[in-house]
Undergrad: 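Supplied in structure tokens, the structure appears directly below.
In this text, all values refer to a predicted model and were calculated from it rather than measured experimentally.
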Amino acid sequence: MASLPICPSSPSSFLSWPHRPISLSFQPKNHSSSASPAAAHVSVQDSPPQDPAPPSDPGQNPKISSTAKFLWVNPNSPRAAELARARAGSGRRARLAAAAAALAACEPAEAPVAAALEAAFPEAPSEQDAAIVLNTAAGNPATAVLALRWFLENAEVRSKVILYNVVFKVLRNRRRWSETEALWDAMLRDGVQPDNTTFSTVISCARACGPPGKAVEWFEKMPESGCSPDMLTYSVVIDAYGRAGDAEMALRLYDRARSERCQLDPVICATVIKVHSTSGNFDGALNVFEEMKAVGVKPNLVVYNTVLDAMGRAMRPWVVKTIHREMVSQKVQPNRATYCCLLQAYTRARYGEDAMIVYRKMKDEVMDIDVVLYNMLLSMCADIGYVDEAEEIFRDMKSSMDTKCKPDSWTYSSMVTLYSCTGNVPGAEAILKEMAEAGFKPNIFILTSLTRCYGKAGCTDDVVRSFGMLKELKITPDDRFCGCLLTVAADTPVEELGKVVDCIDRSNAELGTVVKLLADRKASTESFKEAARGILSGARGVVKMPYCNCLMDLCINLGQMEKACALLDAALQLDIYSNVQTRTQTQWSLHLRGLSVGAALTTLHVWMNDLYTTLQSGEELPPLLGIHTGEGRNMYSDKGLASVFESHLKELDAPFHGAPDKAGWFLTTSVAAKHWLEAKKSSELVAV
């Protein structure tokens, strides 16, 4: 018999039972039972048990007894009914848990499943009991389907669709699409009509594991069954259309939900934001975010994370910062996914300071940072020259006990790239040695960075040695490696240039021919131009401009301005450089941002010759002339292009001066430019 122990207290506490303890000295109604006081128990039977008194122990405290007594409770009182219900509920839970455990241990066959359920339910189970067991014993979907059949035949079921929905949920969670379709057919054969829950569960299963478009197909079946989609179903199907690549239909469905005056909720808004982001419509994603707030829907954590991810993909870190500040002000607690979105947005946009703040925040909160996030940070540091920060991150990776955080080949590649940008040969070689000790072999990216490092430091022999490592490792030079050799050649002294040209020739014979024609002062400009046109027209798009930039740098360094101008003409014809020059009625501008120093000086030379020719023809110049170099460090030079041009324009005594209100612009008036151009001969305009 179930009983509830009572703790010792004062006699007066009996009236407040069971919230306060009762005295051990309380005696049962039967006064003949003059036993020593005992620990009382509550019983809801009709009369209290009459146990014989134990023999008293002379050494025992009369207030304490080792035996248990029962406290009689009137079975007609409300407390007795409550105790009975609690006891019955506890027994029911234990029985259902045992049934679920027995079912989970069964083989997925009809006989053992039936035997287990018959043993667990000697009497017909209720519909609720069946649903609980099916939902709990979800380890094996095949067993759940067999158990469903038994319950449909033996349980007291008022609505069969409820049990079908439970098993559909089990199949969805286990991603069993073929079994889901089979169960649907069985349900229809059984004459059971699906409801909204059935459709939303099946559609979400189709979205998760079915072929693209399958969820949409099931959504279109809803009207046939007399079901109207609710917001949950709309959300699932909108996401399914997005996954199937039909963003237009997804958004049309969203408009339909709004036209039917369905109440917007964070789930559907997050889904639509994701659809916009996946299709590249980042303005649309931001509009949905603002619209939901305007109609009174409060964004939750999922919505914030979704829009942060979208704005990160859109390369809008300033919007990411604004949304994150709003999120904090609304007291929405960020989670790891939030910080990952922030980190990805800031590293992609090279917002170094913001990225490091997020990284240290994640460290302080002991959040999981995997090797992918670490490598994104290191790649950013390598690009913007964050040496100290990169070394801190690299140390954290090595000291981590988590195997998911250990450095991989991309980690070492970023570190070598970092040191190559600063010409730190000892640092790059130390990383290369550490990489070999960790069991990684250098790949083409690492050898490219190492070659650039040696070239930047002026170690031509080491450039040749690193080129030899390609053959040892059986790695074929690619376009980027050849471009790296061109960059090295542009900075190599004339007396050692032949060593680098030989490496270029062995990597790409056609490119080697172009470089040889460039370096040979006896070779004609026309033959060089045709050879250069051939290599540029056949090169991949991503390397065409780097090739041009490096070749023009080499032309300028070797004093071959005529060949540089011929190369620029070929590049303009091939549309490698576009929108270099713009003209309006009030201003003519030269746009040099993204060009190397040699390519920019060559373009300036040609532009000034064009201005001189314009004046000679009697045409008037516009009121304003401008040169746009951009601001910041140039990837082809240690100095920014703006600082290089500022010095060069001073050497030419040109009337162009930096604009105080437009960074990276040099402006002059037509009057000043005309006076200067007429004072110079065209052949003396640029002194390189």
Side-chain angles (χ1 to χ4, degrees), residues 243 270 273-274 277-278 280 282 285 301-302 304-317 319-321 323-324 327 334-421 428 431-432 434-449 480 542:
R243 290 177 184 234
I273 290 170
K274 184 179 178 182
S277 176
T278 304
F282 302 112
L301 179 61
V302 174
Y304 276 117
N305 287 348
T306 306
V307 75
L308 285 173
D309 177 69
M311 293 301 100
R313 293 174 182 271
M315 294 290 287
R316 300 179 186 178
V319 180
V320 170
K321 293 179 73 171
I323 294 173
H324 181 232
M327 179 181 180
N335 61 1
R336 180 183 179 274
T338 310
Y339 289 117
C340 288
C341 290
L342 294 174
L343 209 54
Q344 290 171 1
Y346 294 148
T347 53
R348 283 173 180 159
R350 300 315 191 230
Y351 272 38
E353 184 177 345
D354 295 292
M356 291 306 298
I357 290 173
V358 173
Y359 168 65
R360 289 174 181 137
K361 180 74 171 176
M362 293 181 75
K363 280 205 312 180
D364 292 342
E365 297 191 8
V366 199
M367 289 186 176
D368 178 34
I369 306 176
D370 58 24
V371 70
V372 175
L373 291 176
Y374 274 121
N375 287 344
M376 290 177 67
L377 280 163
L378 288 175
S379 176
M380 176 199 72
C381 291
D383 282 352
I384 62 179
Y386 270 32
V387 178
D388 294 339
E389 289 81 357
E391 291 175 344
E392 173 194 341
I393 295 166
F394 190 54
R395 284 194 301 269
D396 291 342
M397 292 183 73
K398 293 190 292 183
S399 63
S400 174
M401 301 300 293
D402 191 346
T403 56
K404 295 187 298 183
C405 303
K406 294 301 180 182
D408 60 9
S409 60
W410 291 106
T411 309
Y412 292 110
S413 176
S414 294
M415 291 303 295
V416 173
T417 301
L418 174 76
Y419 290 128
S420 73
C421 291
I431 292 295
L432 195 66
E434 189 174 331
M435 178 182 179
E437 292 172 351
F440 295 101
K441 290 184 178 180
N443 55 26
I444 187 65
F445 302 102
I446 291 175
L447 292 178
T448 300
S449 296
R480 294 183 185 275
V542 293

Undergrad: For K361 and L342, what are the C-alpha separation, side-chain angles and deciding distance, and is it a side chain to side chain contact (heavy atoms under 4.5 Å, CB included)?
TA: CA-CA 11 Å; K361 180 74 171 176; L342 294 174; over 6 Å; no
Undergrad: Checking S277 side chain against I273 main chain: does a donor-acceptor pair fall under 3.5 Å?
TA: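 No; zero donor-acceptor contacts below 3.5 Å.
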Undergrad: Check the pair S379, R350 against side chain to side chain contact (heavy atoms under 4.5 Å, CB included), reporting the backbone distance first and the verdict last.
TA: CA-CA 9 Å; S379 176; R350 300 315 191 230; 3.4 Å; yes
Undergrad: Report the distance from atom CE of M380 to atom OG of S414, rounding to the nearest 0.5 Å.
TA: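 Here the interatomic distance stands at 11.0 Å.
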Undergrad: State whether the side chain of S413 and the backbone N or O of S409 hold a donor-acceptor pair below 3.5 Å, judged by distance alone.
TA: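 No: the side chain of S413 does not pair with the backbone of S409.
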Undergrad: Could you go through the side chain to side chain contact (heavy atoms under 4.5 Å, CB included) check for E353 and Y346 one step at a time?
TA: CA-CA 9 Å; E353 184 177 345; Y346 294 148; over 6 Å; no
Undergrad: Got more than 12 heavy atoms from elsewhere within 6.0 Å of CZ, R480?
TA: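 No, because the 6.0 Å sphere around CZ of R480 holds 12 heavy atoms or fewer from other groups.
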Undergrad: Considering non-hydrogen atoms only, spot the tightest contact between C381 and L418 and give its length.
TA: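 Closest heavy-atom pair between C381 and L418: O-CD1, 3.5 Å.
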Undergrad: How long is the straight-line distance from CG of L343 back to CZ of R348, given to the nearest 0.5 Å?
TA: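 It is 10.5 Å, given to the nearest 0.5 Å.
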Undergrad: Only one of L373, I369, N375 clears side-chain contact (heavy atoms from CB on, under 4.5 Å) with V371; which?
TA: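 Answer after filtering L373, I369, N375: N375.
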Undergrad: Main chain of S400, side chain of K406: is a donor-acceptor contact present, judged purely on distance under 3.5 Å?
TA: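 Yes, because the side chain of K406 sits within donor-acceptor range (under 3.5 Å) of the backbone of S400.
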Undergrad: Donor-acceptor pair, distance only, cut-off 3.5 Å: does the side chain of S420 make one with the backbone of T417?
TA: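 The answer is yes, because a donor-acceptor pair under 3.5 Å joins these two groups.
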Undergrad: What donor-acceptor contacts under 3.5 angstrom involve side-chain atoms of residues 434-447, with partners at least two apart or in another chain?
TA:
from, atom 1, to, atom 2, distance (Å)
E434, OE2, K398, NZ, 3.1
N443, OD1, F445, N, 3.2
N443, OD1, I446, N, 2.9

Undergrad: Walk me through whether T338 and N335 qualify under side chain to side chain donor-acceptor pair (under 3.5 Å).
TA: CA-CA 5 Å; T338 310; N335 61 1; 2.9 Å; yes
Undergrad: So which atom in A270 and which in T306 form the shortest heavy-atom distance, rounded to 0.1 Å?
TA: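 Distance-wise, the nearest heavy atoms are O-CG2, 3.5 Å.
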Undergrad: Locate the shortest heavy-atom distance separating T347 from A355; write the atom from each residue and the value.
TA: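 What the structure gives for the nearest pair is CG2-CB, 4.1 Å.
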Undergrad: Looking at every heavy atom in both C405 and Y374, which two are closest together, and how far apart are they?
TA: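 Taking every non-hydrogen atom into account, CB-CE1, 3.8 Å.
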Undergrad: Looking at D383, D388, I384, which one forms a side-chain contact (heavy atoms from CB on, under 4.5 Å) with Y386?
TA: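 That would be I384; it is the only one of D383, D388, I384 passing the side-chain contact (heavy atoms from CB on, under 4.5 Å) with Y386.
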Undergrad: Any chance the side chains of T411 and D408 put a donor and an acceptor closer than 3.5 Å?
TA: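 A pair is found: one side chain offers a donor N or O, the other an acceptor, under 3.5 Å apart.
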Undergrad: Using every non-hydrogen atom in the two residues, find where L377 and Y359 come nearest and quote the distance to one decimal.
TA: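 L377 and Y359 have their closest heavy atoms at CD1-CD1, 3.5 Å.
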Undergrad: If you look at every heavy atom in F282 and A310, which pair is closest and at what distance?
TA: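 Taking F282 first and A310 second, the nearest heavy atoms are CD2-O, 3.4 Å.
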Undergrad: Return the CD1 to NZ distance between I393 and K363, rounded to the nearest 0.5 Å.
TA: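 Answer rounded to 0.5 Å: 8.5 Å.
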Undergrad: Can you tell me how far CG of D370 sits from CE of M397, rounded to the nearest 0.5 angstrom?
TA: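 One gets 9.0 Å once the value is rounded to the nearest 0.5 Å.
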Undergrad: In chain order, what residues pass the side-chain hydrogen bond (donor to acceptor under 3.5 Å, both in side chains) check against R360, with sequence neighbours excluded?
TA: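 By the side-chain hydrogen bond (donor to acceptor under 3.5 Å, both in side chains) rule, R360 matches E392.
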Undergrad: Not counting sequence neighbours, which residues clear side chain to side chain contact (heavy atoms under 4.5 Å, CB included) with M367? List them please.
TA: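 Side chain to side chain contact (heavy atoms under 4.5 Å, CB included) list for M367, sorted by chain: R336, Y339, M362, E365.
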